Amino acid sequence: MRVLVTGGAGFIGSHVVDALIGEGHSVAVVDDFSSGKREHVNPKARLYELDIRSRDLEQVFAKERPEVVNHHAAQVDVRDSVADPIFDADVNIVGSLNLLECAREHGVRKFIYASTGGAVYGEPIRLPCDENHPLNPVCPYGVSKLAVEHYLYVYRLSYGLEHTILRYPNVYGPRQDPSGEGGVAAIFARQMVQGEQVVINGSGEQERDFIYVHDIVRANMLAMDRGQGQVYNLGCGVGTSINELFAKMKEMTGYASEPVHGPPKIGETLKIYLDGAKVKRELRWEPAVALEEGLRATIESFRDTP
Ligand SMILES: NC(=O)c1ccc[n+]([C@@H]2O[C@H](COP(=O)([O-])OP(=O)(O)OC[C@H]3O[C@@H](n4cnc5c(N)ncnc54)[C@H](O)[C@@H]3O)[C@@H](O)[C@H]2O)c1
C-alpha cells in the first residue's frame, strides 16, 4: 500500500516507517526536522522536508497518491504548549487540518492518528482510564491533540474518510530525544549512562503507563485496515511511578548517585494509566515487551549513541 507518514523522522514515526517498509509498503515521509533527525529516516522512504502547515503539502499528495496517512508530526512538548499555545494550536490543529483537507481532496482511504491518552483525559477521576472517561485536558497540548479527534469524526461523517485514533501512553525506546522535554526514560538513560545528575520533577510519585515503542508500532500496523472509526487506548493499565522507574534503571545501569528532586511541571497530570481492554478485544493488541526488557534495550541504545 502507499502510505504517507508525517513525523517520520521523529522517535515513534521513524519506527513506524521502518515497520511499514519491512512489510513491503511504499512509504513517503513528511517532516520539517524541527525535532526529528535525518539519520532516523529509513533510506527506502521518499523524504519530503516540509511543514505540515505548508500549502505545498498538496503537491506531495498529488505526487504520492497515498492510500493511508499515518499522522505523527506534532508539537509534542507539554511545557512549550503552555508557554506558546498559539504555536501549539497552529501546528497540531491547523497543520492536521491541512493534512485532512489534502486527504479528502486526494481520495485517501484511511487516516491513522497518534493521539495522547496521557493528555486528553486530564486529571483522571478513575484509573485506569478507559476510552469513555471524561475528556478534560489540563494543558493546551491535550486540547490541540483532542481537537483533531473531533475533526476526524467530522471528516468520516461528511466525506467518508476512515480513521483510527490511537491514544498513546508514555512511549519509550531507542531514538527518543533526551534533550529538553523528551520522555523520562530517555532522559534517565542518557543521564545514567553519562554519569550525570538525575533530576526528578516533583516528588517522583507521578505514575505513568510505559509502553515500548515496538508495541506502539504493532498497533499502527493493525490499524492499517482495522478499527474503522474507532478510538483505542494503548496502555497496559498499570502505573509505574517515576521513583520506581529511577530505581529499576539505576540497578540496570549501575548508576551510583541518588536523584535530586526539582519543582513539578506545570500542566502535568499526577497519575495516568490507560485501560487497554478495548484494543485487546477488537484488534487483539496488547503490549508484548515487559518494562525491564524495554528499558534494557533503551539503555543499550544510549550506550551506543548517547
Ligand atoms: N512519545 C510519547 O510518549 C507520546 C505520547 C502520546 C502521544 N504521542 C504523539 O506521537 C507523535 C510522535 O511523537 P514523538 O514522541 O515521536 O515526537 P517527536 O518529536 O520525536 O516526533 C515528531 C516529529 O514531527 C516532526 N514535526 C514537528 N512539527 C512538524 C511540522 N510542523 N511539520 C512537519 N513535521 C513536524 C518533528 O520534526 C518530528 O520528527 C506525536 O503526534 C505525539 O503527540 C507521543
Side-chain angles (χ1 to χ4, degrees), residues 4-18 28-42 45 47-57 60 69-78 80-81 84 87-99 102 111-121 129 137 139-149 165-187 208-213 215-217 219-220 231-235 268-269 272-274 294 298:
L4 188 146
V5 182
T6 71
F11 162 45
I12 304 171
S14 67
H15 286 283
V16 169
V17 170
D18 289 348
V29 166
V30 169
D31 201 297
D32 70 351
F33 296 107
S34 50
S35 64
K37 295 201 175 75
R38 221 166 272 276
E39 61 267 30
H40 291 164
V41 182
N42 191 305
L47 175 61
Y48 296 87
E49 183 171 349
L50 196 66
D51 191 312
I52 53 167
R53 295 168 293 174
S54 164
R55 288 195 180 277
D56 295 342
L57 192 65
V60 177
V69 170
N70 182 299
H71 180 27
H72 275 79
Q75 187 304 110
V76 298
D77 193 303
V78 170
D80 284 355
S81 83
D84 192 349
F87 177 75
D88 177 83
D90 201 26
V91 174
N92 291 359
I93 301 178
V94 179
S96 297
L97 264 177
N98 195 27
L99 264 177
C102 290
F111 198 103
I112 300 170
Y113 177 54
S115 187
T116 164
V120 295
Y121 298 114
C129 283
C139 62
Y141 167 74
V143 176
S144 65
K145 293 296 290 186
L146 178 59
V148 176
E149 294 193 11
I165 296 162
L166 302 173
R167 289 186 184 149
Y168 294 171
N170 266 55
V171 187
Y172 71 97
R175 300 183 191 160
Q176 190 161 28
D177 187 354
S179 60
E181 311 288 330
V184 61
I187 295 172
R208 295 289 180 273
D209 192 337
F210 291 97
I211 303 283
Y212 191 61
V213 66
D215 279 328
I216 297 295
V217 167
N220 276 271
V231 53
Y232 296 114
N233 280 345
L234 301 183
E268 193 187 49
T269 308
I272 178 95
Y273 35 97
L274 307 176
T298 306

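Keep in mind that what you see is a predicted model, and the values were worked out from it rather than measured. Every number for a ligand or one of its atoms is a count from 1 in the order of the listing. Residues take their numbers from the sequence shown, with the count starting at 1. Values below: all heavy atoms of this structure, side chains included; hydrogens, waters and symmetry mates excluded.
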* To do: Kindly confirm or rule out an N or O of R53 lying under 3.5 angstrom from an N or O of ligand 1.
  => no

* Measuring from the heavy atoms of G183, does anything fall under 4.0 Å of ligand 1? -> no

* Asked: Measuring from the heavy atoms of G95, does anything fall under 4.0 Å of ligand 1?
  -> no

* To do: Give the numbers and elements of all ligand 1 atoms closer than 4.0 Å to a heavy atom of N170.
  => 3 (O)

* Asked: So is Y172 in contact with ligand 1, going by heavy-atom distances below 4.0 Å?
  -> no

* To do: Check I52 against ligand 1 and report side chain, backbone, both or neither, counting heavy atoms closer than 4.0 Å.
  => both

* Structure fact -> min-distance protein heavy atom vs atom 17 (O) of ligand 1 -> V76 CG1, 3.7 Å

* Which residue holds the protein heavy atom closest to atom 37 (O) of ligand 1, what is that atom called, and what is the gap in Å? -> D31 OD1, 2.6 Å

* Asked: ligand 1 versus T6, non-hydrogen atoms closer than 4.0 Å: side chain, backbone, both, neither?
  -> neither

* To do: List every atom of ligand 1 that sits less than 4.0 Å from any heavy atom of G36, numbering the atoms from 1 in the order shown and giving each element.
  => 36 (C), 37 (O), 38 (C), 39 (O)

* Mind checking whether A119 contacts ligand 1 via backbone (N, CA, C, O), side chain (CB onward), both or neither, at a 4.0 Å heavy-atom cut-off? => neither

* Asked: Below 4.0 Å from any atom of ligand 1, is there a heavy atom belonging to S115?
  -> yes

* Asked: Do P169 and I272 have side chains that get closer than 4.5 Å, going by heavy atoms?
  -> no

* Do any nitrogen or oxygen atoms of H72 come within less than 3.5 Å of a nitrogen or oxygen of ligand 1? -> yes

* Of all the atoms in ligand 1, which lie at a distance below 4.0 Å from a heavy atom belonging to V171? -> 2 (C), 3 (O)

* Tell me which protein heavy atom sits closest to atom 36 (C) of ligand 1, plus the residue, atom name and distance to 0.1 Å. => S35 OG, 3.3 Å

* Structure fact -> Logged contact type for R167 with ligand 1, heavy-atom cut-off 4.0 Å, is neither

* To do: Give a yes or no on whether the ring-centroid distance for Y168 and H72 is below 6.0 angstrom.
  => yes

* Protein residue, atom and distance nearest to atom 23 (C) of ligand 1, heavy-atom basis -> G7 CA, 3.6 Å

* Structure fact -> Quick note on ligand 1: atoms under 4.0 Å from a heavy atom of L50 include exactly 32 (N), 33 (C)

* Asked: Between the side chains of Q75 and D88, does any donor sit under 3.5 Å from an acceptor?
  -> yes

* **Close-contact set for ligand 1 against G10 heavy atoms, below 4.0 Å** => 20 (O), 21 (O), 38 (C), 39 (O)

* Check ligand 1 against P169 and write out every atom of the ligand that is under 4.0 Å from a heavy-atom position of the residue. => 3 (O), 5 (C), 6 (C)

* Can you tell which part of F33 has a heavy atom less than 4.0 Å from ligand 1: side chain, backbone, both or neither? -> backbone

* **ligand 1 atoms in contact with Y141 (distance to a heavy atom under 4.0 Å)** => 7 (C), 8 (N), 42 (C), 43 (O)

* Heavy-atom gap G117 to ligand 1 smaller than 4.0 Å -> no

* Is any N or O atom of T116, backbone or side chain, closer than 3.5 Å to an N or O atom of ligand 1? -> no

* Please write down residue, atom name and distance for the protein heavy atom closest to atom 1 (N) of ligand 1. => I12 CD1, 3.7 Å

* So which heavy atom in the protein is nearest atom 15 (O) of ligand 1, and how far is it from that ligand atom? -> F11 CD2, 3.7 Å

